[in-house]
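Note sheet for the following structure.
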Amino acid sequence: LSYYSLTGPDAETPLPGRMKTVYDIVRKEKLKAVFGEKDYPASTLERLKADLGVEICTLDPIEGGPLSPGHYEEAMRNNLESIIRCLAGN
């Protein structure tokens, strides 16, 4: 499992050169899925999907919402379901 970020401190815009690197990684590794945070601009992820044919899956970084065990548990369950669904190709 590897992680590569498109962005720096400003999560709204990919850093210069990062998109090309992601394209190269996806092609080289023959990746079937790319994960993004739920608040990340959909247009960038949709461009990856259109250009590379990868599944786009969304994860919740759990940075907001109520500070309760129930919220955290629900968000983590949703993230796990998203990972399983995405990697299974559904």
Restricting to side chain to side chain contact (heavy atoms under 4.5 Å, CB included), what partner residues turn up for [X], sequence neighbours left out?
X: Ala42; value: none
X: Lys38; value: Thr58, Asp60, Pro61
X: Leu59; value: Phe35, Asn79, Ser82, Ile83
X: Ser43; value: Pro41

**OP:** Kindly state each residue pair satisfying disulfide (SG to SG under 2.5 Å) with at least one member in residues 19-53, sequence neighbours excluded.
**Re:** none
Subject >> Salt-bridge present (Glu73, Arg77; N to O < 4.0 Å) >> reply: yes
Original post:
Could you state the interatomic distance from CZ (Arg85) to CG (Leu80), rounded to the nearest 0.5 Å?
Top reply: 10.0 Å
I'd like a table of donor-acceptor pairs (distance under 3.5 Å, sequence neighbours excluded) in which one partner is a side-chain atom from residues 22-30, with atom names and distances.
from, atom 1, to, atom 2, distance (Å)
Tyr23, OH, Asp51, OD2, 2.4
Asp24, OD2, Lys20, NZ, 2.7

Original post:
Is there a side-chain contact between Met19 and Leu48 (heavy atoms, below 4.5 Å)?
Top reply: yes
Subject >> Connected via hydrophobic side-chain network under 4.5 Å: Leu31 and Leu52 >> reply: yes
